[in-house]
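Everything below concerns the one structure shown next.
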Amino acid sequence: MREIVFDTETTGLSFHAGDRLVEIGCVELFNRVDTGRHWHAYFNPERDMPEEAARIHGLRSDFLRAKPLFSHLVHELLDFIADSPLIAHNATFDFAFLNGELSRCGRPLVCTTRMVDTLPIAQKKHPGAKHNLDALCTRFGIDRSHRVLHGALLDAQLLAQVYVELMGGRQIGLGLVDEVKAAAAPSAATLARPVRPARVFTVSEGERARHRAFLSTVTAPLWGEAFG
């Protein structure tokens, strides 16, 4: 099954209040394995970047002013996500901005039935714990040392790893058959062990007598001739 993990960066918290999408990063999973394919873009928001938002993702107006408008790249984005389920952390936020931009340029909205939100999944699996992306990476041993600022593509790549762990771990889609074969194959240490001679066990006449007495209580025993 093909799935898309994505993340967005914006000028603020509310599209309806005038905030805009400035970055999106998408990562393709197939059977919950990262295929290495991704789609990433920055957009000119056609407005100034508030400093409080810039401190989070490091994107400022002078950088974004030279980037294309969302409407200029929307066809590439829609081609990449196709009809796959879309996975995001606190996904209602990302869907609000994605659909806001799609509506603004006259494109059909992405149906929320395609939305997979990793936040409630994490809350259900680990109640009472922290559930932000940093905390989940720490919980699952995912290296986030290069995450100095928020970035849509980097965060989508980290979330893809978190999502796989939340859904049962890497074993789901990667290398199960090969790992089973490897476990069944004899190792060099096993092959080097000395072969023990077969042990011979003798049966005493007393044991034979007790066995014959037991067989006499069984009607037509199949093993009577062999061990009588």
Using the side chain to side chain contact (heavy atoms under 4.5 Å, CB included) rule, take Leu77 and Ile24 through it: C-alpha gap first, then chi angles, then the decisive distance, then the call.
CA-CA 9 Å; Leu77 172 61; Ile24 188 167; 4.1 Å; yes

Passes side chain to side chain contact (heavy atoms under 4.5 Å, CB included), Phe43 versus Arg20? Steps please.
CA-CA 9 Å; Phe43 307 112; Arg20 300 291 303 277; over 6 Å; no

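Here the side chain of Ser204 pairs a donor or acceptor atom with the backbone of Glu207 at under 3.5 angstrom. No side-chain donor-acceptor contact under 3.5 Å links Ser103 to the backbone of Gly100. Using modelled atom types, no side-chain atom of Asn31 and backbone atom of Val33 make a donor-acceptor pair closer than 3.5 Å. Distance alone, capped at 3.5 Å, places no donor-acceptor pair between the Gln161 side chain and the Ile142 backbone. Judged by distance alone, with hydrogens and angles left aside, the side-chain atoms of Thr8 form no donor-acceptor pair with the main-chain N or O of Asp94 at under 3.5 Å. Judged purely by atom type and a 3.5 angstrom limit, Asp117 uses its side chain to pair as donor or acceptor with the backbone of Asn90. Side-chain N or O atoms of His57 include one that pairs as donor or acceptor with a backbone N or O of Thr10 at under 3.5 Å. Between the Arg107 side chain and the Leu78 main chain, no donor and acceptor come within less than 3.5 Å of each other.
Shortest non-hydrogen contact noted between Ala54 and Met49 is CB-CG, 3.9 Å. Taking every heavy atom of both residues into account, Arg32 and Val164 meet most closely at O-CG2, 3.3 Å. Nearest heavy atoms, Leu166 versus His126: CD2-CD2, 4.5 Å. Considering all non-hydrogen atoms of both residues, Ser84 and Arg114 come closest at O-NH2, 2.9 Å.
Side-chain atoms of Asp143 and Leu158, non-hydrogen and from C-beta on, never get closer than 4.5 Å to each other. Residues Asp155 and His89 form no side-chain contact, since every pair of their non-hydrogen atoms from C-beta on lies 4.5 Å or further apart. Side chains of Phe15 and Asn99 form no contact here, defined as non-hydrogen atoms less than 4.5 Å apart. In this structure, the side chains of Leu119 and Thr92 stay at 4.5 Å or more apart for every pair of heavy atoms.
If you take CG on Leu86 and CZ on Phe95, they are separated by 4.5 Å, rounding to the nearest 0.5 Å. Between Thr118 atom OG1 and Ile87 atom CD1 the span is 8.5 Å, to the nearest 0.5 Å. Here CZ of Arg144 is found 4.0 Å from OG1 of Thr138. Values are rounded to the nearest 0.5 Å. Here Phe97 contributes atom CZ and Leu13 contributes atom CG; the two are 7.0 Å apart, rounded to the nearest 0.5 Å. Here the CZ atom belonging to Arg55 is positioned 12.0 Å from the CG atom belonging to Leu149, to the nearest 0.5 angstrom.
Between the side chains of Thr11 and Asp19, at least one donor N or O sits under 3.5 Å from an acceptor N or O.
Checking each of Arg65, Arg104, Lys67 against Glu46 for a salt bridge (charged side-chain N to carboxylate O under 4.0 Å, His left out) leaves exactly one that passes, namely Arg104.
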